[in-house]
Amino acid sequence: MLEEDMEVAIKVVVVGNGAVGKSSMIQRYCKGVFTKDYKKTIGVDFLERQIIVNDEEVRLMLWDTAGQEEFDAITKAYYRGAQACVLVFSTTDRESYQAVSSWREKVEVEVGDIPTVLVQNKIDLLDDTLIKNEEAEGLAKRLKLRFYRASVKEDLNVNEVFKYLAEKYLQRLKQQTAEEPEVVHTTSNKIGVFNTTSTNVSNQSSSNGHEVISLRPNKQRTKKTKNPFGSCSLL
Ligand SMILES: Nc1nc2c(ncn2[C@@H]2O[C@H](COP(=O)(O)OP(=O)(O)OP(=O)(O)O)[C@@H](O)[C@H]2O)c(=O)[nH]1
């Protein structure tokens with residue numbers, strides 16, 4: 001254990017071109033659902049889910065950012081404070097594969113080197129693939145990233161992606177705790193909780209029917225729940 005009664009909260013940003021399946025991945029992971037409809041994300045949404053990793057209770061806050069460049073200015077602000085990142089491209093969209101490095105740079109500029117995974121989504125459409133296996137693997141190697149092939153539709157490898165990131169993050173946190181114990185032993189019972197610099201924006205419905213993110217001060221400890229989806233909420 002890191003420290004008794006300590007809650008670990010991890011802000012994870014999910015990035016990649018439009019329509020690669022970012023919103024679907026987050027919905028699948030947090031709500032256990034998949035929908036064929038495509039609703040472009042306007043700005044940013046987020047959902048959360050609590051999991052247990054190595055006996056630690058971890059709260060994952062999954063930030064769904066818009067894939068379109070027109071929203072870059074908004075989404076960049078939300079990268080701040082991110083502690084882990086999912087880079088997504090689609091099996092049937094070569095441009096999304098080619099854009100992976102630039103997405104990584106955008107995140108790195110804001111938050112530096114954080115635990116990151118590369119995900120090739122929609123592998124249920126492998127027959128129509130526009131990216132060779134070796135290419136995708138080569139990209140992961142060049143970027144030195146763990147690589148997952150996933151299908152949000154078929155619920156393949158989605159849990160694994162987030163479990164890996166949580167483990168990786170905890171590993172780093174433990175290293176830091178060992179090296180600089182005074183940093184972690186604060187008066188707060190939360191660690192890894194992000195701070196955004198933006199001010200409060202209350203819930204606003206966007207044109208796509210999604211709720212636009214509300215930025216609030218750090219939350220208090222969440223209630224413990226046995227239901228894996230019980231802690232998910234659309235804010
Ligand atoms: N076949 C298949 N379709 C998928 C999969 N994941 C997502 N989709 C579909 O791909 C489309 C786009 O998915 P979204 O989750 O909205 O994509 P996004 O990356 O959030 O898009 P933006 O909000 O524009 O950034 C939707 O029609 C989904 O149903 C998958 O694993 N397989």
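Start at 1 and go down the list; that is how both ligands and their atoms are numbered. Residues take their numbers from the sequence shown, with the count starting at 1.
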Within the structure, does [X] bring an N/O atom to less than 3.5 angstrom of an N/O atom in ligand 1?
{"X": "Asp64", "answer": "no"}
{"X": "Phe34", "answer": "no"}
{"X": "Gly18", "answer": "no"}
{"X": "Gly16", "answer": "no"}
{"X": "Val20", "answer": "yes"}

**Message:** With a sphere of 6.0 Å drawn around CD of Glu95, does it hold more than 12 non-hydrogen atoms of other residues, nucleotides or ligands?
**Reply:**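 Not more than 12 within 6.0 Å, no.
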
**Request:** Could you tell me whether the side chain of Gln120 reaches within less than 4.5 Å of the side chain of Phe89, counting heavy atoms only?
**Result:**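 Yes, close enough: below the 4.5 Å cut-off.
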
**Item:** Minimal non-hydrogen separation, Glu135 against Tyr97, with atom names
**Value:**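 Looking at all heavy atoms of both residues, the closest pair is O-OH, 3.2 Å.
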
Could you tell me, atom by atom, which parts of ligand 1 come under 4.0 Å of a heavy atom of [X]?
{"X": "Lys22", "value": "15 (O), 17 (O), 18 (P), 19 (O), 20 (O), 21 (O), 22 (P), 25 (O)"}
{"X": "Ser151", "value": "31 (O)"}
{"X": "Thr35", "value": "28 (C), 29 (O)"}
{"X": "Ser24", "value": "7 (C), 13 (O), 14 (P), 15 (O), 28 (C)"}

**Asked** How long is the span from the OG atom in Ser90 to the CD1 atom in Ile123, to the nearest 0.5 Å?
**Response**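 Spacing of OG (Ser90) from CD1 (Ile123) equals 11.5 Å.
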
**Arg49 NZ/CZ over Phe162 ring centroid, <6.0 Å and within 45° of normal** =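 Judged by the rule (NZ or CZ under 6.0 Å from the ring centre, within 45° of its axis), Arg49 is not positioned above Phe162.
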
**Request:** Consider ligand 1: state whether an atom of it lies below 4.0 angstrom from any non-hydrogen atom of Asp37.
**Result:**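 Contact check Asp37 vs ligand 1: positive.
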
**Request:** Indicate the ring-plane relationship of Trp63 and Tyr78, choosing parallel, tilted or perpendicular according to the 30° and 60° boundaries.
**Result:**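 Judged by the thresholds at 30° and 60°, the geometry between Trp63 and Tyr78 is tilted.
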
**Request:** Applying side chain to side chain contact (heavy atoms under 4.5 Å, CB included), name anything that partners Ser101, two or more places apart in sequence or on another chain.
**Result:**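 By the side chain to side chain contact (heavy atoms under 4.5 Å, CB included) rule, Ser101 matches Leu139, Leu143.
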
**Request:** Using modelled atom types only, decide if a donor and an acceptor are shared between the side chain of Lys11 and the backbone of Arg80 within a distance under 3.5 Å.
**Result:**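 A pair under 3.5 Å: yes.
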
**Request:** Indicate, as side chain, backbone, both or neither, the part of Asp124 found under 4.0 angstrom from ligand 1 when only non-hydrogen atoms are considered.
**Result:**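 The answer is the side chain.
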
